[in-house]
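This structure is a prediction, so every number in the text was calculated from the model and none was measured.
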Amino acid sequence: MTIVRGWRLTAVLLLAAGCDRLSDEKAVGVVRGYDRALVEAYRTGDARPLEGWAGPAEKKKVAGLIGVKLDMGITLDAHMLDFKPLAIERRGGAVTVTAAERWYYLDRRIGTAQQVGQDSRDEYTIRYSLEKHDGRWLVMGIDYAAPPRVGRQETMGADVRIVHGFDSLNPDQEKSGRGSDKPVDRKEKP
């Protein structure tokens, strides 16, 4: 009798653990939901669509980027052209989804929707870090697995590599296609 109860308890615990596990399909779904919300946030100049898709720090980062655009009197019209999941990794309670993406961007003047500057077609290999937060799987952060290929210089007047999260590339990194692994220091150096 004790063996049967022990087996049942083990089965219940395994089932409960399995229910909390994020399947590959659902992990990709979280990323795709985040990307749809990101497009809406950029288009409207409001980070609220990211509620339920982005963790607090990621949402704050996007709100900052939106704020820079709004200060310039523009919003970003973004369209995902292609999305291809490349890898899904699990470490502890976190899941990382790596995806190859192609995007189309166009800045628009607030009020008139007139195009500002050049449009751009960009390609990224992005790692999305997912974690469970308040009972829901969210994108807690993103980073680039390789330097982005951008079709235009940013209208913000900043170095493209800094805007996209790379402080610099040394010649070996440029040949291998890998970005700097160290954190970006955005402070001006004397």
| field | Considering all heavy atoms, the nearest V139-L130 contact | value | CG2-CD2, 3.5 Å
| Within 45° of the axis and under 6.0 Å from the centre of the six-membered ring of W53, does NZ or CZ of R32 qualify? | no
| side-chain contact (heavy atoms from CB on, under 4.5 Å) evaluation trace for V97 with Y34 | CA-CA 12 Å; V97 176; Y34 167 87; over 6 Å; no
| query | Going by an N to O cut-off under 4.0 Å, is there a salt bridge joining D24 and R90? | reply | yes
| query | So, for D122 and G151, which heavy atoms are closest and what is the spacing to 0.1 Å? | reply | OD1-N, 2.9 Å
| said: How close do E58 and G141 get, counting heavy atoms only, and between which atoms? | reply: OE1-CA, 3.5 Å
| query | When hydrophobic residues are tied together by side-chain contacts of less than 4.5 Å, even through go-betweens, does L86 share a cluster with V28? | reply | no
| Atom pair OG1 (T96) and CD (E89), whose distance is rounded to the nearest 0.5 Å | 6.0 Å
| field | Exercise: identify the closest heavy-atom pair between A47 and A41 | value | CA-CB, 4.0 Å
| field | Nearest-0.5 Å distance, CE of residue M140 to NZ of residue K132 | value | 13.0 Å
| note | One should read off an interatomic distance between W103 CH2 and I126 CD1, to the nearest 0.5 angstrom, of 7.5 Å
| query | What pair of heavy atoms forms the shortest contact from A94 to E131, and how long is it? | reply | CB-CG, 4.0 Å
| said: If hydrophobic clusters are built by linking Ile, Leu, Val, Met, Phe, Trp and Tyr wherever their side-chain heavy atoms come under 4.5 Å apart, do Y104 and V116 end up in the same one? | reply: no
| field | Nearest-0.5 Å distance, CG of residue L106 to CD of residue Q118 | value | 11.0 Å
| field | Spacing of NZ belonging to K69 relative to OG1 belonging to T75, to within rounding of 0.5 Å | value | 9.0 Å
| Salt bridge or not for R48 and E51, using N-O below 4.0 Å? | no
| task | Give a yes or no on whether L50 and V31 share a hydrophobic cluster (residues Ile, Leu, Val, Met, Phe, Trp, Tyr; joining criterion: side-chain heavy atoms under 4.5 Å apart). | result | yes
| message | Applying a strict under-4.5 Å side-chain criterion to I, L, V, M, F, W and Y, I'd like to know whether L70 and L65 cluster together. | response | yes
| Candidate pair K61 and I142, rule side-chain contact (heavy atoms from CB on, under 4.5 Å), full reasoning | CA-CA 10 Å; K61 180 183 82 174; I142 67 167; 3.5 Å; yes
| Does a sphere of radius 6.0 Å around CZ in R136 hold more than 12 heavy atoms from other residues, nucleotides or ligands, not counting ones at 6.0 Å or beyond? | yes
| said: Let me confirm one number: the CZ-CD distance from R108 to Q114, rounded to the nearest 0.5 Å. | reply: 10.0 Å
| field | Same cluster (ILVMFWY, side-chain, under 4.5 Å), L76 and L81 | value | no
| field | Heavy-atom pair of closest approach, residues A78 and Y42 | value | CB-CD1, 4.4 Å
